[in-house]
2 protein chains.
Amino acid sequence: MQAPKDAVHLLKNAGLRVTPQREAILQFLLDYNGHATVDDIYTSLQDRFPSMSVSTVYNTVKQLSQVGLVKEIGVGDGASRFDINVEPHHHLVCTRCGALFDFYLEEPLRVSVPREAEGFEVEDYHVEVRGICPRCKKQQVS
Amino acid sequence: MQAPKDAVHLLKNAGLRVTPQREAILQFLLDYNGHATVDDIYTSLQDRFPSMSVSTVYNTVKQLSQVGLVKEIGVGDGASRFDINVEPHHHLVCTRCGALFDFYLEEPLRVSVPREAEGFEVEDYHVEVRGICPRCKKQQVS
DNA sequence: ACCTAGATGAGAACGATTCTAAACTACAAC
DNA sequence: GTTGTAGTTTAGAATCGTTCTCATCTAGGT
């Protein structure tokens with residue numbers, strides 16, 4: 001039996017209670033093509049849930065992360081972003097406009113733990129590549 | 001002529017005005033063995049500069065970053081850290097206690113820019129390895 | 001239909017950082 | 001040395017993302 005892909009079943013399979021807000025938030029992330037911030041989610045769902053609080057969005061995305069349905073990515077200083085792509089992957093970040101692009105490593109990283117951290121147990125890693133995205137490059141006054 | 005290593009000359013060579021606060025902040029970072037936060041700097045210099053404002057620390061570390069004398073590293077959510085080690089290097093982060101360790105890659109990363117980001121101009125990259133540091137591993141109740 | 005653990009909502013609180021505006025000072029020019 | 005001024009510092013307010021509190025509400029098992 002394959003795991004179903006609609007929000008309700010994903011929530012149930014993860015052992016989370018199904019509430020309208022959670023369903024909407026997860027569905028939003030499933031439909032959203034990119035890396036949404038809490039505010040993206042919050043403002044996009046204002047129409048359907050005028051009384052939903054930001055706390056609910058924060059609580060929900062945190063729980064979705066915990067059960068592995070979404071991945072939190074925090075690049076630089078700004079707001080955290082939430083990604084429905086939970087496969088291990090990395091990001092290109094535009095230092096001009098903040099745009100974010102996924103990328104995959106051709107081969108896994110070999111980390112040589114330094115002496116002073118001997119015994120460090122690696123859980124995972126994330127590569128943040130900074131640079132200028134094609135759009136911003138075009139807009140450069142040259 | 002080699003570039004001198006004391007704070008005053010470093011500031012001058014970088015074209016920054018030499019103020020007592022700047023000198024003290026840069027000297028603190030030169031002496032500090034690790035990754036200091038703005039608060040570390042601010043509280044450590046309270047004795048010598050009781051009236052120094054946090055803004056000054058923020059302004060100064062920002063300028064020092066801009067001229068390449070220090071490197072800002074932002075891992076996860078907490079406060080930014082500032083590193084006098086400006087060589088390209090990466091970090092192990094303990095997910096329990098937040099401890100930070102430097103590490104170097106054995107070979108440079110090969111980044112394959114995805115199609116949707118064709119033309120992305122890579123400036124630099126930073127690898128954040130998450131895991132459990134040896135100290136926290138020992139303290140685990142098993 | 002009922003009960004209760006868990007979820008929601010409104011707003012306060014928080015920590016990191018940035019902004020503002022007035023007073024001060026490094027340093028180049030005289 | 002004195003002066004002028006652009007750049008710096010200061011205190012505190014403001015901002016932003018996020019977490020907390022607690023009273024109300026509800027999903028879902030019985």
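Just so it is clear: chains get the letters A, B, ... in the order the sequence lines come, proteins before strands, and each one is counted from 1. Heavy-atom basis, side chains included; hydrogens, waters and symmetry copies ignored.
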Tell me if the CG atom of B:D124 is crowded by more than 12 foreign heavy atoms within 6.0 Å. yes

Measure CG/A:D40 against P/D:dC16 and give the value in whole Å, please. 15 Å

Distance, rounded to the nearest Å, where A:L11 contributes CG and D:dG28 contributes C1': 14 Å

Exercise answer: donor-acceptor pairs, residues 103-119 of chain A side-chain atoms, under 3.5 Å, sequence neighbours excluded:
{"from": "A:Y104", "atom 1": "OH", "to": "A:N85", "atom 2": "ND2", "distance (Å)": "2.8"}
{"from": "A:E107", "atom 1": "OE2", "to": "B:R110", "atom 2": "NH2", "distance (Å)": "2.6"}
{"from": "A:R110", "atom 1": "NH2", "to": "B:E107", "atom 2": "OE2", "distance (Å)": "2.6"}

Return the value, rounded to whole Å, for the distance between atom OH of B:Y42 and atom P of C:dT18. 16 Å

Centre-to-centre under 6.0 Å for B:Y125 and B:H90, is that the case here? yes

How would you label the contact of B:S51 with the nucleic acid (heavy atoms, under 4.0 Å): base, sugar-phosphate, or nothing? sugar-phosphate

Nearest heavy-atom pair of A:C94 and A:C97: which atoms, and what distance? SG-N, 3.5 Å

Protein-to-nucleotide contact annotation, 5' to 3' order, nucleotides 18-23 of chain D [B base; S sugar-phosphate only; - none; under 4.0 Å, heavy atom]: BBB---

Distance-only donor-acceptor hits, side chain of residues 60-68 of chain B, under 3.5 Å, sequence neighbours excluded:
{"from": "B:T60", "atom 1": "OG1", "to": "B:T56", "atom 2": "O", "distance (Å)": "2.7"}
{"from": "B:S65", "atom 1": "OG", "to": "B:V61", "atom 2": "O", "distance (Å)": "2.9"}

Are any of the side-chain heavy atoms of A:H126 and A:V75 separated by less than 4.5 Å? yes

Rounded interatomic separation in angstrom, taking CZ from A:R22 and P from D:dC25: 19 Å

Hey, is the main chain of A:G131 close enough, under 3.5 Å, to the side chain of A:T95 for a donor-acceptor pair? yes

Side-chain touch B:I84/B:Y32, heavy atoms, less than 4.5 angstrom: no

I'd like to compare against my own output: the B/S/- annotation of nucleotides 25-30 of chain C with a strict under-4.0 Å heavy-atom distance to protein. BBS---

Tell me: CG of A:D39 to P of D:dT15, nearest whole Å? 16 Å

List in chain and number order the residues that pass salt bridge (charged side-chain N to carboxylate O under 4.0 Å, His left out) with A:R81, two or more places apart in sequence or in another chain; answer none if no residue qualifies. none

Over the length of the helix from C:dA1-D:dT30 to C:dC30-D:dG1, how much do the five-pair end axes diverge, rounded to 10 degrees? 30°

Between C:dG9 (C1') and A:R48 (CZ): distance, integer Å: 18 Å

Any sub-3.5 Å donor-acceptor pair from B:R22's side-chain atoms to B:L11's backbone N or O? no

In whole angstrom, give the distance that lies between atom CG of A:L64 and atom P of C:dA7. 11 Å

Does the side chain of A:V18 come within less than 4.5 Å of A:K12's, by heavy atoms? yes

Integer-rounded Å distance: C:dT18 P and B:N59 CG: 9 Å

